Every structure is written in structure tokens, then in C-alpha cells.
Amino acid sequence: MTFFTIVFRGLIRRPVRTGLTLLGISIGIAAVVALVGMAWGYEKSIGRQLDVIGIDMVVSNMSGGLLPKVFDESLQGRVAAFPHVAEVTPTLMLMLSVEEAPLIMVSGREWGSFTWKMLRVLDGRIPKDATERAVVLGRLAAEGLGKKVGDTVQIEAEELQVVGIVDGQAVVENGAIILALPLLQEVTGNEGKVNFLNIRLTKDTTKPEVARLRDQIKEIFPEGRALEASEVVGTSQGFRIARAMSWSTALLAIIVGVLGVMNTMLMTVFERTHEIGILLAVGWKRQRIIWMVLCESALLGLLGGITGVALGAAGLKILESTTTMRGLLEPDLSPKLLLTSIAIAVVVGVISGLYPGWRSSRLSPSRALQA
Amino acid sequence: MAQDSTPSGALVYEARGLKKIFDGGSVAALRGVDFQVWEGEFVAIVGPSGCGKSTLLQLLGSLDRPSEGSLTYRGQSLADLRDPSAYRAAEIGFVFQAFHLLPTFTVAENVQIPMFEGPLSRGERVARARELLHEVGLEHRLDHFPSELSGGERQRVAIARSLANNPSVLLADEPTGNLDSENAAHIVELLLQLHRDRHTTLILVTHDLTIAALAARTLRMKDGRIVHSPPDPVAA
Ligand SMILES: Nc1ncnc2c1ncn2[C@@H]1O[C@H](COP(=O)(O)OP(=O)(O)OP(=O)(O)O)[C@@H](O)[C@H]1O
Ligand SMILES: [Mg+2]
């Protein structure tokens, strides 16, 4: 028998209570994994999208909701005039409710720009020109909407022809409806408006030159900002909200977890008062008793963390495979997230054990024996 | 200290004007107790219910602190112990009337529990528990739980446990109180044998005068005081 045996024996003696407490922690940790995994996954796929398309810099408004506010497309010409700018192309990205899909990304991009060239056609073709009243669907969007080449899709009040299915090598692209910029502007009443300028820089542009360019853009567009591709995700309003929401929900889950485990451990300490008295009588130090309670609590956290991570990961996988979520979700179940979640659960366990442990150590041995 | 005046043997316990008051003064369990216990002695404590016997034993084992007066163990004041647990682990073995075994641990495990405060490795703990249980005649019940044993057997487990760290003092509070006379006789015999073989100082609280008669000395208590005490074996 080792000290661990004693700790473990403490946990299994009340299997139902331990099981329910574990379930409580697991659900909390599963929420952490699911929410944070979704947020991280989304960020990663946006980052990859910019990378695939070859965008070095993105200019947008600082304010806005899930997506930044629109601005006048005339900015394009002025930015294009700056040194080191190889190419500037505007896009209008909107989250719209389209037919069955409650929210889907609709991406209007300048006809002929490099953002079109990255699309691999899986079926059908790209629109003939900027005036054809047609769209292409990312392959996940096609699946989600249940559309194929030759169907029509209704965006706002307009019926548009689906002429192709494409693969954009990133989940955001694959989950989007892609069409020519003027067409999207027209059907959504955003004439002359865009919300992103995507910039490709000339080769071997140096860091100071990039910084200089950012300053120049800031001068002509004070309410906007220019971000390097690597920063886009971190500063986007939508992501900040998503991230804050996922972490605050996680925090809530953690607080609930702490209260649950603490309650269980307090009950454990109370109902074992007599046994703690025995341990003190046979010479156990108070520290060893605190340690026993803490270890039990931490073990509860660890086991809850492991089951929670499994639960959360499984939940995300299931969610990912449901059609409504396809294309919007590419969860990031990195080892970092999984280990962080388990670590959080252990910390929850330890924190929850502190007060019960302290209570147990304050018992008077003679009183405890009489209990 | 009185130690310098002792002609032979070491002074183990010395109490002077020892008082224990409970509940903010409403209950005086000990009202001024004076006595000495010497190395290797067998002292019985008798007296009516509620006279303070258990309270006295708890003070001796430092499970509680005196309210007033002095109580020393080998010259060291028990009230001033920085770590009573360490004192109990190293010096004291307890045997209680109600056995006080841990229900979720086997016989062998119960005996190992006190050894966590000692230097033994896992393997040594197992071996020592087996040895001690052999000594009390229970080596065939190692993996049983306390609930599967008779009262006499449980008390023998408790005795084996009390010996886990090789204590120099055994404090037994009515160890036969829950046993029939036959089992009681066995337990007393076992305690006496341990006391003789190991030269353990044995302080035993009992209601049974035939058991008390086996002790070298019997302290008689009443209302929180010692009312009769035969002369110390080494007192001048
Ligand atoms: N924790 C406590 N709080 C309050 N009073 C106590 C406490 N422990 C003991 N007492 C009181 O102190 C007195 C002495 O109790 P103690 O248990 O020492 O008696 P005892 O001689 O061992 O009796 P018994 O033979 O019945 O075991 C009793 O009046 C008891 O009610
Ligand atoms: Mg008593």
C-alpha cells in the first residue's frame, strides 16, 4: 500500500458521489475544449486562408461587428500608389443567412484579382466575367446548402446561378459563397463599398518598409488600420469577441467545477472526521492529512479533466460532421489545448481542495475521535 | 525536573496539578492530578464513569492539551510540543475500546497506516505489518476487512497497529470494554506479553478490577482526581 492507494481508496468509497462530481468537472472541461477549440480552429483557418491566397497585408475599418464596417472602395487606388505595394484588391465579406444556412460567409472579390486565381475548380467553371450573374461555391458550402452546378442560390432578393464548385484550400474559403465584387455590392445594396483591401507586397520588402507603409495607410485612412497577415486574426473584432466569449464561458465552467469539487471534498472531510481523528491518533501529521485531501481533490480534477477532454473532443468531432456546421468549423484539437484543459482541471481540483484540506487540518484529534 | 532525583529507571511521565476543563469552564474533567510513571511500568487506572480516565489518557497521548498544570514526557513539556503528531508517531501506541480501525482498509493496511510517518519503504512496511500480525496471531487474516473480524480479532489488529512504529509507551483505554470475558482475557494476556517482551511502558484504563490487579500499580480516580495511589516503585 502506498500513499496513493490511500488517496485512491478515498475516492472510490463513494462511487456515486465521485462519479457525479467527475461528470460535473468533465462537462465543464468539455465546454472549455469545445469552445476554445472552435475559436482557435477558426483563427487558424483564417490565417491559413490568407497564407494560401498570398495576402501579406489587410486593410480594414477598426470598428464593426463580427466583420469590420464597410468603407469606400476608392481607397484602393490610393493605397496602390504606395511603394512596395505589388497588388491591392478589395473584397466585401459578409455573413448572410442564405436559404437553409443560418449564417454563411459570402465573399465578393474583385474580378480578375489574385484572390480568384487560388481557387481550384472541382466542377463547372469560374464566372465568365464580372457581369455574369453567377456564383461559385466552396465545396463545403455546396455540401451544406445541398447545391450543385446548374442550381440557383438566392442571395438577399436575387437568384444567382451556381456555375462552379471550388476548393480554396482553407475552410473559410471552402465554406463560402464566392462571387464578383460588383455583383455582391449590387445585391446587398453596398455599391462602392468594401470592407477589406488585400495587399500583396513586392518581394523582399523589409520590416521597416512595411512599418512605413502602415503609417502611410494610417494617414489616409485614420479610422482604419493595416495589419500584417499574421496579426489579422489576433486583432479582429470578431475573433476577439469569440475568444472572450469562449474563455468567459470556460471560466464560468471552471468556477462551477471548483464549487462542485469543493462541496464534495467538504462532505468527504466532514464524514471522515472520525477517521481523520484516528489518523491523527496514530501519528499522522496535519500536513499529511492536508496533502491527502489535496491529492484526492487533484486526482478528481485529473480524472475529470481526462474524461472532459475526451468528451469535448468527441463532441466537436460530431458537431464538425453535422452538415449545418460544415465549412464554418475546423476545430483545433491541438495537444496544447488538450493538455491545457487537463491542467486547468487539475488546478481546479487543487484549488477546490485547499479549503477542505485546511478544515481537516484544524480538527482537534480528541474531538475528531469522539465524532 | 524530578529526573535528577530518581535513583533508578527513567521517569517517563510526570504530572503536577494537571487540570482539564471543557466547555469554557462548565465541565472540569481533571481537577488537579499528580503522578509519575516510570520506564517499563505497568500502571492501571480505575474509577467510575466520567471521572476523567479517558481525558487523562488523551493528555498523555497529546491528543489534547492540558488547561492548567504541567505534564512532562521524559522531561519535555507536552503542552509545548511543536509537533504532537511526531511525538505520537514515534513514542505512543494507542489502543481504544472501540478499536478505531479504518473500515475501508484491510487488516494489513490498517497496521501499515502509522508507518507512513516512519522511515520504512513500501516493502518493509508490508513485511513489518505481517510480522506484527503474526505476533498477535492474525497472520491468516491479512487481507480481510475489519468488518469481517470478531471484536477480539479487531482489537488484536488495533494492538498490532499500535506497535507499528515500535512505541515506548502503550496507552490502552478500556481495551477489553467491548469484549466478552474470554476475548478480554486474551487481549490482556497479549498486552502483558508485549509489555514484558518489549519493556513497553503500559498505561491501561479499565473497569475490570481483576485486570487492574495484574498491574504493578493501580491509580484510583474519582471526580477528576487521583484518590488512591500506591507508593511509586522508585520513590524514596
Ligand atoms: N470533549 C469534551 N467536551 C466536554 N466535556 C467532555 C469532553 N470529553 C469529556 N468530557 C467530560 O469530562 C468528564 C470526564 O470524561 P472522561 O471521558 O475522561 O471520563 P471517563 O473516566 O473516561 O469515563 P468512562 O469510564 O465512562 O469512559 C465527563 O464528565 C465528560 O462528560
Ligand atoms: Mg473513558
Side-chain angles (χ1 to χ4, degrees), chain A residues 1-19 21 264-265 267-297 299-300 357-371, chain B residues 20 22 29 54-55 57-65 82-118 121-123 125-126 129 142-143 145-146 158 161-165 167 171 173:
Chain A
M1 181 177 62
T2 62
F3 185 71
F4 180 77
T5 319
I6 298 177
V7 169
F8 188 70
R9 208 65 70 78
L11 271 190
I12 57 171
R13 69 189 293 178
R14 291 255 182 260
V16 173
R17 187 172 65 199
T18 300
T21 311
T264 296
M265 291 314 296
M267 276 168 73
T268 297
V269 167
F270 288 147
E271 82 184 6
R272 276 191 251 167
T273 298
H274 177 67
E275 291 173 32
I276 291 171
I278 296 173
L279 292 173
L280 287 167
V282 302
W284 271 37
K285 290 191 171 56
R286 289 176 187 279
Q287 295 96 292
R288 191 177 301 276
I289 287 167
I290 298 178
W291 188 232
M292 178 180 76
V293 174
L294 274 182
C295 284
E296 207 172 305
S297 191
L299 184 61
L300 208 52
W358 178 76
R359 284 293 295 254
S360 72
S361 77
R362 273 176 26 117
L363 289 170
S364 136
S366 60
R367 292 276 165 112
L369 271 178
Q370 280 164 5
Chain B
K20 181 65 190 181
F22 287 113
S54 296
T55 304
L57 226 56
Q58 283 181 347
L59 294 187
L60 293 178
S62 200
L63 288 176
D64 214 336
R65 296 192 179 243
R82 244 194 305 119
D83 188 355
S85 287
Y87 157 73
R88 286 192 292 271
E91 308 290 334
I92 305 296
F94 271 109
V95 182
F96 301 96
Q97 177 174 359
F99 321 128
H100 288 347
L101 297 175
L102 297 171
T104 52
F105 294 90
T106 64
V107 163
E109 288 167 344
N110 264 283
V111 176
Q112 288 174 54
I113 292 275
M115 300 180 201
F116 282 91
E117 291 295 343
S121 70
R122 185 181 168 200
R125 289 198 295 265
V126 172
L142 296 179
D143 297 325
F145 285 91
R161 179 183 64 184
S162 76
L163 300 173
N165 292 334
L171 301 176
D173 192 350

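These numbers come from the heavy atoms of this one structure, side chains and all, not from hydrogens, waters or symmetry mates. A, B, ... follow the sequence lines: proteins, then strands. Residue 1 opens every chain. This structure is a prediction, so every number in the text was calculated from the model and none was measured.
Contact annotation for Phe96(B): only side-chain heavy atoms (C-beta onward) come within less than 4.5 Å of a heavy atom of chain A. Proximity to chain A is limited to the side chain of Phe22(B), based on heavy atoms less than 4.5 angstrom apart. No part of Ile12(A) comes within reach of chain B, as not one of its non-hydrogen atoms sits under 4.5 angstrom from that chain. The part of Arg161(B) that comes within reach of chain A is its side chain, from C-beta onward, which places non-hydrogen atoms under 4.5 angstrom from that chain. Both the backbone and the side chain of Glu117(B) come within contact range of chain A, judged by heavy atoms closer than 4.5 Å. Contacts between Leu101(B) and chain A at a heavy-atom distance below 4.5 Å involve the backbone alone (N, CA, C, O). Of the atoms belonging to Phe94(B), it is side-chain heavy atoms, and not backbone ones, that fall under 4.5 Å from chain A.
Shortest non-hydrogen contact noted between Thr104(B) and Arg9(A) is O-NH1, 2.9 Å. The two residues Met1(A) and Phe105(B) have their closest heavy-atom pair at SD-CD2, 3.8 Å. Closest non-hydrogen pair, Gly283(A) versus Arg88(B), comes out as CA-CB, 4.0 Å.
Note on Pro103(B), Gly93(B), Ala86(B), Pro84(B): by heavy-atom pairs under 4.5 Å with chain A, the leading option is Pro103(B). Per-residue counts of heavy-atom pairs under 4.5 Å with chain A were compared for Glu109(B), Gln58(B), Arg122(B); the largest is that of Glu109(B). Ranked by heavy-atom pairs under 4.5 Å with chain A, the first of Thr106(B), Thr55(B), Ile92(B), Leu102(B) is Leu102(B).
Other residues, nucleotides and ligands contribute only 12 or fewer heavy atoms inside 6.0 Å of the CZ atom of Arg367(A).
Taking CH2 of Trp284(A) as the reference point, atom CZ of Phe116(B) lies at 6.0 Å (rounded to 0.5 Å). To the nearest 0.5 Å, the span separating CD on Gln112(B) from OG1 on Thr2(A) amounts to 10.0 Å. Annotation: the span from Leu63(B) atom CG to Leu280(A) atom CG amounts to 8.0 Å, rounded to 0.5 Å. A distance of 10.5 Å separates OG in Ser54(B) from CG in Leu369(A), rounded to the nearest 0.5 Å. Atom CZ of Arg65(B) and atom OG of Ser364(A) lie 10.5 Å apart (nearest 0.5 Å).
Among Arg286(A), Lys285(A), Gln287(A), the one residue that satisfies the side-chain contact (heavy atoms from CB on, under 4.5 Å) test with Asp83(B) is Lys285(A).
Not counting sequence neighbours, the partners of Ser162(B) by the side chain to side chain contact (heavy atoms under 4.5 Å, CB included) test are Val95(B), Ile159(B), Leu170(B).
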